[in-house]
Amino acid sequence: MEKEKLAPRIAAMRQEILNARPEVCTERAVLATEAYREHEADQVVLKRAYMLKKILDNMSIYIEDNTLIVGNQATKNRAAPIFPEYAMDWIIREMDTFAGRNGDAFFISEADKQILRDIYPYWKGRTLQDKGYALFPPQAREIYDNGIIRNEGNITSGDAHLAVDYEGVLKYGLRHYRERVEKKLAEADLSDFETLKSSYFLRAMLIAFDAVENYAARFSALAKEMAETAEKGRKEELLEISRICAKVPMNPAESFYEAIQSVWFIHLILQIESNGHSLSFGRFDQYMLPYYRKGIEDDEKCMILLQNLWLKTLTINKIRSNGHSRYAAGSPMYQNITIGGVGTDGKSAINPLTWMTLRSIALTRLPQPNLTVRYFKGMDEDFMQECIRVIKLGFGMPAFNSDEIIIPALTGQGVTLEDARNYSAIGCVEVAVPGKWGYRCTGMSYLNFPKTLMIALNHGIDLMTGKRICSDVGHFTEMNSFEEVFQAWDRTARELIRQGIILDTCADLAVEQEVPDILCSALVDDCIERGKHLKEGGAHYDMVSQLQVGVANLGDSLAAIKKCVFEDKTITKQELWDALASDFAGEKGEAIRQQLLAAPKYGNDIDYVDELVVRGYDTYLDEITKYRNTRYGRGPIGGNFYAGTSSVASNVPQGAGTCATPDGRHRGEPLAEGSSPTHAVDVNGPTSVFKSVSKLRTDKIVGGVLLNQKMTPQILQKPENCQKLSLLIRTFFDDLKGFHVQYNVVSRDTLIDAQKHPEKHRDLIVRVAGYSAFFTILSTQTQNDIIARTEQQL
Amino acid sequence: MKAAVFNIQKFSLHDGSGIRTTIFFAGCNLRCRWCCNPDCFNMEEHDTYSLEELLAEALKDKVFYDKSGGGVTLSGGEIFFQFDFIQEFCRALREKGVNIAVETAGCVPNEKFVKLLELVDFVFIDLKHYDDKKHREATGVSNESILKNIVSLVNSNVDYCVRIPVIPEFNDALSDAENYAALFKKLGVKKFETLPFHQFGEKKYQNLGLQYFYQGVKALHDEDLTAYRKILGEK
């Protein structure tokens with residue numbers, strides 16, 4: 001596989017995109033501002049639709065030299081558009097530093113800065129962030145500012161985190177959706193209050209469809225115009241592009257090429273409509289299969305079209321604030337594509353297109369899209385070995401999600417068996433049913449577990465800031481048993497989970513009122529039928545997972561306290577507290593730290609500590625399920641919350657704001673990510689990690705149990721070791737009911753060298769958490785974090 | 001009864017079929033100059049396990065053994081150094097249906113060796129040198145009992161592999177390969193493998209304050225053994 005070459009046109013395009021300098025593009029910002037000004041009086045849904053139309057009608061469009069698929073997000077590839085309606089303060093505040101950032105740098109011209117300054121006054125008090133802040137109750141605001149719960153992503157960007165109904169788009173074309181809306185509108189009894197209200201949303205969808213139609217038509221015209229002066233060969237290609245753009249996405253696709261162009265238009269436009277990320281492709285190898293089977297294009301052409309599509313996904317970019325960038329390091333868009341798994345009949349759905357999709361992504365080797373393979377018990381070993389060969393290439397893909405646990409977990413939440421079998425990964429590890437699931441199947445409030453514990457042990461006051469965060473449940477030095485310590489955790493965690501829900505609800509309310517997405521809603525069942533957009537409860541299913549960070553640090557800390565202070569009594573309460581408060585200062589502090597480090601650590605298949613991780617997490621599971629989201633009772637099945645452990649890259653910034661912890665971690669060091677063990681403490685190898693992780697109540701953590709494993713490529717050179725890796729993974733999924741695993745296959749030396757000589761490793765891709773990124777654009781701190789992770793001796 | 005164990009390695013890939021846990025028992029009656037586990041010589045400074053404790057640890061990965069056709073590998077040191085425990089341990093593992101492999105230098109009286117064969121599924125046995133004098137020189141013991149035990153092993157129902165650690169300037173000449181081949185033919189050895197010399201133990205000697213005989217000697221790699229293996233007829 002390594003030896004297979006990319007077609008010259010793809011190789012050229014790839015290089016061009018990789019060389020493109022990330023920039024800020026202000027075009028969308030200006031057009032959105034104009035549209036908002038022109039439609040001040042309109043209902044927000046109409047305003048949003050007019051804005052989309054304004055942008056799609058007027059934005060710059062271009063067709064790259066080599067491309068067969070057309071459609072661009074901004075004025076240049078990899079330029080990040082500005083979405084002023086979500087947030088403007090941080091942009092104005094930070095734009096002078098965009099270019100000089102350590103990690104995720106963006107160029108911005110002085111002229112563009114001025115453009116943003118000019119529109120800034122209009123947005124004062126009108127952005128999602130302004131409205132969201134105004135909704136936060138005082139304690140929740142205090143907690144938000146402190147950083148123990150972060151949901152900045154929720155009030156500075158759109159939701160996304162879903163896969164729309166691509167199957168329907170390809171089969172019926174957008175015209176069909178338009179007809180459904182028109183019929184609904186014609187039948188609407190506008191004397192009825194609810195119907196009148198929904199009629200604005202219905203009208204908004206019609207505007208959005210027009211906008212899409214015109215956008216495609218603009219490309220059709222551009223291609224035709226370019227064809228006039230193009231050389232032979234390219235001329236025919238451009239005429240074909242022109243023909244296809246006149247047809248899709250409004251009409252049904254009838255060939256693989258048409259289907260790919262149709263999918264790309266929709267996927268792209270959704271990322272112009274909103275700046276939410278984790279907008280995913282769903283089960284690509286399933287809905288594209290009928291068009292592949294038509295055999296209109298040969299395999300070679302299909303391969304080029306697939307690779308062209310992946311290159312297009314990499315042209316999409318997003319700029320986040322400095323603070324938020326640390327949570328989402330490496331400018332990830334989390335555009336997930338899911339392949340494999342079982343079909344709705346429960347049998348293997350792996351098909352020739354599954355293989356080809358895997359291969360095409362392996363050959364382009366890019367950080368986008370984010371590839372997930374759905375594992376299931378009967379998965380063909382040949383396909384498994386093909387996945388391992390791709391893993392061996394070392395760009396962190398594919399990740400595995402397991403049907404064995406996810407399908408029953410979903411049906412346990414009220415999803416029908418057929419829909420559950422049709423799930424896809426969203427973003428990284430999260431799961432949802434494509435085309436039927438509401439926005440943001442994953443919440444973005446990360447609760448910092450070890451920080452919560454430290455606040456619980458300190459009268460509810462944060463050691464780092466000295467500020468009160470929670471109710472006073474006592475002080476560690478006055479607690480007389482481990483049970484008292486645990487109860488303090490339990491009470492404080494519950495209080496903070498509640499505050500997290502309040503923050504999420506405020507964000508949801510603000511998004512519903514300020515930035516509903518029209519096109520996106522139109523493409524999810526049952527928004528059209530109900531006449532409700534996603535945030536109003538239009539989706540068939542709507543459940544949200546809330547996230548945590550530092551799960552392992554919590555368990556390790558509890559175990560160290562229990563063992564060293566209350567059982568072995570080798571450290572007194574006061575000694576431990578002083579050591580933590582001083583960040584293990586002096587010889588004595590270091591001696592205490594060494595004792596704490598020697599206590600049992602999660603990830604080694606030691607029940608003593610693993611049970612404390614489970615017990616600590618149980619508090620979360622129990623509390624989170626008590627709450628309902630803003631769509632509860634408004635239509636969707638669900639409307640509830642559950643847990644998920646996808647911490648993205650938040651473990652680094654969250655660690656930076658967390659004092660020394662009883663697991664022996666120094667102040668400021670990164671926390672453990674996802675459900676993975678703390679870095680470098682999992683010394684018993686991968687079987688023990690799998691055993692420890694499998695003790696979590698995976699069937700209840702429907703939002704995903706993220707596990708990163710790292711290994712060096714040389715280990716996988718022997719074929720028998722690839723088989724052993726397969727058996728290892730199969731045991732984890734079949735017998736231990738694991739949820740997810742992904743492998744970072746790269747040598748430590750390579751990473752260190754890449755840090756020293758970034759110019760030599762521009763194409764080095766690593767897994768950061770649930771996604772891959774270029775290593776060299778990560779901050780030094782994040783790079784160090786990746787290097788520090790234990791290398792499993794596979 | 002307690003056992004001194006100096007390492008337990010899970011997901012061990014090189015000592016038998018499938019996914020295995022290798023348990024390294026302390027103590028050895030040989031003193032091979034290239035030994036990569038010099039820390040095993042001392043019996044005192046290691047964790048001790050009761051039979052129940054070690055069994056519990058060994059069974060933790062049973063789910064992986066079952067799936068992969070793996071099991072537990074008992075290694076050392078020299079397992080015969082703690083043979084009473086080993087026998088009990090093997091019986092307990094057998095009862096749980098765990099596949100057992102052992103690694104031994106086989107330098108024990110034949111009666112003892114034969115007892116082991118009743119308890120295990122696979123034996124890796126080393127033959128460090130075909131020549132007794134050379135063998136004594138580098139390991140401190142004669143190869144006489146080892147050769148005898150290899151014959152017992154070859155003629156038993158237990159699956160096996162005779163291993164040659166290929167050591168520079170000791171047994172790495174092509175003429176050595178020819179002599180090994182002739183001896184294997186005589187003994188009826190059909191299954192064997194060569195292990196290229198490596199330097200993994202070097203740091204341990206430093207840490208223990210011991211002199212390392214092979215200080216600075218380059219490790220061998222698979223590609224260095226091509227001709228050697230060809231002569232032996234190793235697949």
Side-chain angles (χ1 to χ4, degrees), chain A residues 375 377-379 381 384 388 404 598 600 603-611 677 682-695 709-712 714-738 741 743 790-794, chain B residues 5-24 36 47 49 52-73 75 96-99 101 122 124 161 193-196 198 200-201 203 219 221-223 225 229 234-235:
Chain A
Y375 172 84
K377 204 165 184 172
M379 190 161 104
E381 184 60 22
M384 186 69 162
I388 290 174
E404 300 302 316
N604 294 296
D605 194 13
I606 301 168
D607 284 343
Y608 186 91
V609 54
D610 294 349
E611 278 165 10
D682 47 331
V683 293
N684 276 355
T687 55
S688 299
V689 173
F690 283 166
K691 285 284 300 290
S692 282
V693 171
S694 72
K695 291 172 199 173
Q709 292 272 274
K710 205 170 95 174
M711 62 187 163
T712 52
Q714 55 271 32
I715 302 292
L716 289 178
Q717 270 159 15
K718 286 190 176 172
E720 64 261 36
N721 286 351
C722 293
Q723 275 153 19
K724 285 183 185 180
L725 178 64
S726 160
L727 290 165
L728 178 77
I729 295 168
R730 283 177 186 274
T731 311
F732 179 51
F733 289 141
D734 295 353
D735 303 288
L736 297 173
K737 302 295 174 202
V741 69
Y743 283 93
T790 315
E791 256 179 77
Q792 293 294 359
Q793 283 301 312
L794 272 181
Chain B
V5 168
F6 71 93
N7 191 14
I8 297 177
Q9 194 186 340
K10 304 240 173 110
F11 199 61
S12 188
L13 291 181
H14 315 290
D15 307 312
S17 65
I19 295 170
R20 310 191 72 84
T21 297
T22 304
I23 302 171
F24 295 88
C36 60
D47 293 337
Y49 288 82
E52 293 69 33
E53 285 165 351
L54 196 59
L55 189 65
E57 197 58 39
L59 290 176
K60 277 185 175 175
D61 277 3
K62 183 153 187 303
V63 65
F64 295 99
Y65 314 151
D66 292 348
K67 191 82 164 190
S68 66
V72 171
T73 301
S75 184
K96 299 285 179 190
V98 177
N99 175 288
F122 196 101
F124 289 100
C161 178
E193 66 180 2
T194 46
L195 304 176
H198 63 73
F200 294 173
K203 192 104 189 243
H221 298 282
D222 282 338
E223 59 269 23
L225 296 186
R229 285 173 171 166
E234 185 182 346
K235 278 158 211 149

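Protein chains get the first letters and strands the later ones, always in sequence-line order, with residue 1 at the start of each. For the numbers below, each heavy atom of this structure counts, side chains included, while hydrogens, waters and symmetry mates do not.
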Nearest-0.5 Å distance that lies between atom [atom1] in [X] and atom [atom2] in [Y]:
X: L728(A); Y: F64(B); atom1: CG; atom2: CZ; answer: 5.5 Å
X: L725(A); Y: I19(B); atom1: CG; atom2: CD1; answer: 8.5 Å
X: R20(B); Y: T687(A); atom1: CZ; atom2: OG1; answer: 13.0 Å
X: E57(B); Y: N684(A); atom1: CD; atom2: CG; answer: 7.0 Å
X: N604(A); Y: K10(B); atom1: CG; atom2: NZ; answer: 8.0 Å
X: E720(A); Y: S17(B); atom1: CD; atom2: OG; answer: 12.0 Å

Which atom names give the shortest non-hydrogen contact between K60(B) and I606(A), and what distance separates them?
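For K60(B) and I606(A), the tightest heavy-atom pair comes out as NZ-CA, 4.2 Å.
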